[in-house]
Amino acid sequence: MTVVTRFAPSPTGFLHIGGARTALFNWLYARHHKGIFHLRIEDTDRVRSTEAAIEAIIDGLKWLGLGWDGEITYQFARAPRHAEVVLQMLEAGKAYRCYCSPEELDEMRKAAQAAGKPMKYDGRWRDRDPKDAPAGVKPVIRLKAPQVGETIVVDGVQGEVRVANEQLDDMVLLRSDGTPTYMLSVVVDDHDMGITHVIRGDDHLTNTFRQRQIYDSMGWEAPHFSHIPLIHGPDGAKLSKRHGALGVEAYRDMGYLPVALRNYLLRLGWGHGDDEIISTEQAIEWFELSGIGRSPSRFDFAKLDNLNGHYMRQSDDAELAKAVADRLGKASDAGGIALLTRAMPGLKSRAKNLKELAENSAFYVQARPLPFTDKAKAILTTPETVGLMPKLIDTYARADNWQAASLEETARAFAESAGVKLGAAAQPLRAALTGSTQSPPIFEVMEILGKDEAMARLKDAPLG
RNA sequence: GUCCCCAUCGUCUAGGGGCCUAGGACAUCACCCUUUCACGGUGAAGACACGGGUUCGAAUCCCGUUGGGGACGCCA
C-alpha cells in the first residue's frame, strides 16, 4: 500500500511554526515510505480565507524545502462533491434536516452547561416529522449520529482513545446556505484523495471522533490517525497566530536557515535516541510515527540558535557571502561578494544567524570613513595607543608581505621591542580597521582587506 | 460545566520492571585554547509532580490527587 499523507492548512493567516512542523512530519512520513505528500488548502471559510495567506503558505513551504506532489487541492472547489455526499446520506436516512435557530442552539448550550451536561445539540429535529418544518426557514443538515455505545479511535501517537457517543451530538454537515462544514469536507476529501495517514495537531483529536462517525456512516474506511502534541509558547499556552506564533517568513527574516529549522522542528516532539544533529536525508531514513512524543513542547530560541550556528558553519562560503551581501544591500557588488567569500571562514563561526552574520560582516565592505563604537574609540584614544600606533602604522606602511602570518609576526616583534603584550597592538588595530572591539582574527582581516584599504583605514583612525 | 490528552534537569529529550548512584543536547557556571569575540575541548551544577497500590524489585504497570493543555460553532 502506498502511503499518502497531506498537509491541509486553512488560509486564514501565515504558515506558523506549528503548521510548519505538521507539514514537515507529513512530508517526512511520505518520503520515508516513498509515498505521496499532498497539499490541500482548506478555503471553505470564504470570509476568512485570503489569497495573501495562500501565497504565504506556499512560499513558506517552498522556503522550508517541503515540496508537495501533484496539484494543490482547493477545498472550496469541491463543495458540490461534498454536498452530493450529504444528499446521499440524507437519502439513506443517515442525516436529517434541522430547523433550529441560532438562538435556540445557544439556549440549549447554556441550559446544558447549567445542568452539568455536555454542551450539545439535543437532537430535537432528529425524528420530527418534516411536515413540522417552519415556513421560510432554511434548514441545516445534520448527521444522525449513534446515541449509544462509544466511538473509538486508534491513534498512532495517543494510542486507543474512546468517547461515549452520548457526549457527541448530531453535527452539522451542510449549512443552511448549502455549503459543507469543515467536519464533512475533510472526511470527503481525505477519502477521495486516498489519504492513508492523517498526521495533524492534537487540537483535532476530539474532532476525530466526529469524523469517524462520518466515515462509519458512509461505510468508508478511515485513514490511520496520528495526533501530534501542540507546540506551546514560553508561557506554556498553545502557540497560535493570536498568541506569539510567528510565520515561517519571520524566521527567514531573522536569518535562520531552512535546514536548521527543519532539524529543530523535527526534534521538537520527535526523537531518535540521543541524536540531535540530523540531516534531512537522515531524517527521511529514520522518521517513524513511533518516535513522536505524547507531551507538548515549548519553543526554545536558544536551541534553534545553536542548531542554526552549526548549520551556518557548515554552509558554503560563497552562498553565505551572497546572502550577506543581499542583506547589506550590496547584492550586485561582485568585488564585495568575492571579498566576503574570502572572509567568510572567519566570520561564520561568530554568528548564530544570517542577520548577525551580516551585521558582523558589514565592516569589510563598509566605505571609509568607518563608524566607530564607543569602545573602539576608547581604545584608540588611550595614551598607550596614541604613543604606539603611529610607529606600528609606519612599520606596516613599509611591509611587503601582506599575508596574515607575516603581519602577525610584525606585530609580535613590534610589541616585544616596545615591551608590551601583543594585545596592546592588536586591539587598537582591530578598532581602527573594523570600528569595533570584536572581529575575526585581526591579521586575517588585514590580509583580506588588502594593504591599500587597510593602510587607508589605519590612517583614518581617530587617535587621541 | 462536559469530554479528551499530557506529566523525567530551566528547555528539548533517552528511558517502555532489574543494565538508572536516571543518559544526551541546548542554556548556565568554571577551566583550557586565545590578539578580541566566537568556535572547539574538559568539567560542574541541574529532573523522574504528589499519594496510594501491583511486584522480590517501578521513572517504567494500575488507581487517585494536583498541575498543564486541548475540544465542545451553520470556524477550520
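Side chains are part of it too, since the values below use all heavy atoms of this structure and drop only hydrogens, waters and symmetry mates. Residue numbering restarts at 1 for every chain, and letters A, B, ... go by the order of the sequence lines.
- At a cut-off of 3.5 angstrom, counting only N and O atoms as typed in the model, there is no donor on one side facing an acceptor on the other between the side-chain of Arg313(A) and the base of C39(B).
- As a whole-Å value, the separation of Arg210(A) CZ from A71(B) C1' is 9 Å.
- Heavy-atom distances to RNA chain B give each of Leu174(A) and Gly423(A) a nearest nucleotide, and the one nearer the 5′ end belongs to Gly423(A).
- Both distances falling under 3.5 Å, in either a Watson-Crick or a G-U wobble arrangement, occur for no nucleotide opposite G16(B).
- Comparing the C1' positions of G23(B) and C33(B) gives a spacing of 28 Å, expressed to the nearest Å.
- Atom P of A59(B) sits at a distance of 11 Å from the matching atom of G18(B), rounded to the whole Å.
- The ring-ring contact (aromatic ring centres under 6.0 Å, His included) test with Tyr264(A) singles out one residue from Trp270(A), Phe301(A), Phe299(A), and that residue is Phe299(A).
- At whole-Å resolution of the value, CE in Met446(A) and C1' in U35(B) are 12 Å apart.
- The partner of A49(B) is U65(B), by the rule that a Watson-Crick or G-U pair needs both atom distances under 3.5 Å.
- Using cut-offs of 30° and 60° for the angle between ring planes, the Trp286(A) and His272(A) rings count as parallel.
- Contact annotation: Arg46(A) side-chain N/O to C74(B) OP1/OP2 distance is not under 4.0 Å.
- Ion pairing between a basic and an acidic side chain is recognised when a charged N comes within 4.0 Å of a carboxylate O; Arg327(A) and Glu359(A) show no such pairing.
- Base pairing of A30(B) is made with U42(B), judged by Watson-Crick or G-U wobble geometry with both donor-acceptor distances under 3.5 Å.
- Residue Phe209(A) is out of contact with every strand shown, counting any heavy-atom pair closer than 4.0 Å.
- Look at A25(B): its Watson-Crick or wobble partner, with both distances under 3.5 angstrom, is U11(B).
- Counting non-hydrogen atoms under 4.0 angstrom, Arg412(A) reaches the backbone sugars and phosphates but no base.
- Between the CD1 atom of Ile277(A) and the C1' atom of C39(B) there is a distance of 14 Å, given to the nearest Å.
- Taking atom P in both G68(B) and G57(B), one finds a spacing of 34 Å when rounded to whole Å.
- If you check U55(B) for Watson-Crick or wobble pairing at under 3.5 angstrom, you find it has no partner at all.
- Between Asn306(A) and A27(B) there is a side-chain polar atom (N or O) within less than 4.0 angstrom of OP1 or OP2.
- Figure legend: cation-pi geometry between Arg46(A) and Phe76(A), with NZ or CZ positioned under 6.0 Å from the six-membered ring centre and within 45° of its axis.
- Here the P atom of nucleotide G73(B) and the CD atom of Gln113(A) are 11 Å apart, to the nearest Å.
- Heavy-atom nearest nucleotides on RNA chain B were determined for Pro440(A) and for Lys117(A), and the one closer to the 5' end corresponds to Lys117(A).
- At the phosphate of C72(B), neither OP1 nor OP2 sits under 4.0 Å from any side-chain N or O atom of Arg109(A).
- Across A30(B) and U11(B), the matching P atoms stand 23 Å from one another, rounded to whole Å.
- If you check U35(B) for Watson-Crick or wobble pairing at under 3.5 angstrom, you find it has no partner at all.
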Protein-to-nucleotide contact annotation, 5' to 3' order, nucleotides 5-14 of chain B [B base; S sugar-phosphate only; - none; under 4.0 Å, heavy atom]: SSS---SBSS

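- A side-chain N or O of His82(A) and one of Asp189(A) form a donor-acceptor pair less than 3.5 Å apart.
- Closest to the Tyr182(A) side chain, of the nucleotides C37(B), A76(B), C74(B), is A76(B).
- Of the P atoms belonging to A49(B) and C9(B), the separation is 7 Å, rounded to the nearest Å.
- With no hydrogens or angles considered, no side-chain donor-acceptor pair links Arg78(A) and Gln75(A) at under 3.5 Å.
- Between the base of A76(B) and the side chain of Asn207(A) there is a donor-acceptor pair shorter than 3.5 Å.
- Glu444(A) has its CD atom 17 Å from the P atom of U34(B), to the nearest Å.
- Between Leu268(A) and Phe25(A), the shortest heavy-atom distance links the atoms O-CZ, 4.1 Å.
- Residue His227(A) is classed as having no contact, given no heavy-atom separation below 4.0 Å to the nucleic acid.
- Which of C3(B), A38(B), U35(B) sits closest to the side chain of Gln167(A) comes down to C3(B).
- With P as the reference atom, U28(B) and G10(B) are 16 Å apart, rounded to whole Å.
- Atom CZ in Arg40(A) sits roughly 11 Å away from atom C1' in A76(B) (whole-Å rounding).
- Between Thr44(A) and the phosphate of A76(B), there is a side-chain N or O to OP1/OP2 separation shorter than 4.0 Å.
- When both pairing distances are held under 3.5 Å, C72(B) makes a Watson-Crick or G-U pair with G1(B).
- Ser436(A) and Thr373(A) get closest at one heavy-atom pair: CA-OG1, 4.0 Å.
- Comparing the C1' positions of G24(B) and A47(B) gives a spacing of 14 Å, expressed to the nearest Å.
- Note on Pro229(A): nothing from the nucleic acid sits closer than 4.0 angstrom, heavy atoms only.
- Following rounding to the nearest Å, Asp122(A) (CG) and U2(B) (C1') show an atom-to-atom distance of 16 Å.
- Nucleotides U34(B) and C6(B), compared at atom C1', are 48 Å apart to the nearest Å.
- Using modelled atom types and a 3.5 Å distance limit, the side chains of Arg430(A) and Ser439(A) yield a donor-acceptor pair.
- Remark: Tyr121(A) engages no residue in a ring-ring contact (aromatic ring centres under 6.0 Å, His included) (not counting sequence neighbours).
- A donor and an acceptor atom sit less than 3.5 Å apart, one in the side chain of Ser176(A) and one in the base of C74(B).
- Across the protein-nucleic acid pair, Asp106(A) atom CG and G1(B) atom P stand 19 Å apart, rounded to whole Å.
- Rounded to the nearest 0.5 angstrom, Leu429(A) CG and Thr385(A) OG1 are separated by 9.5 Å.
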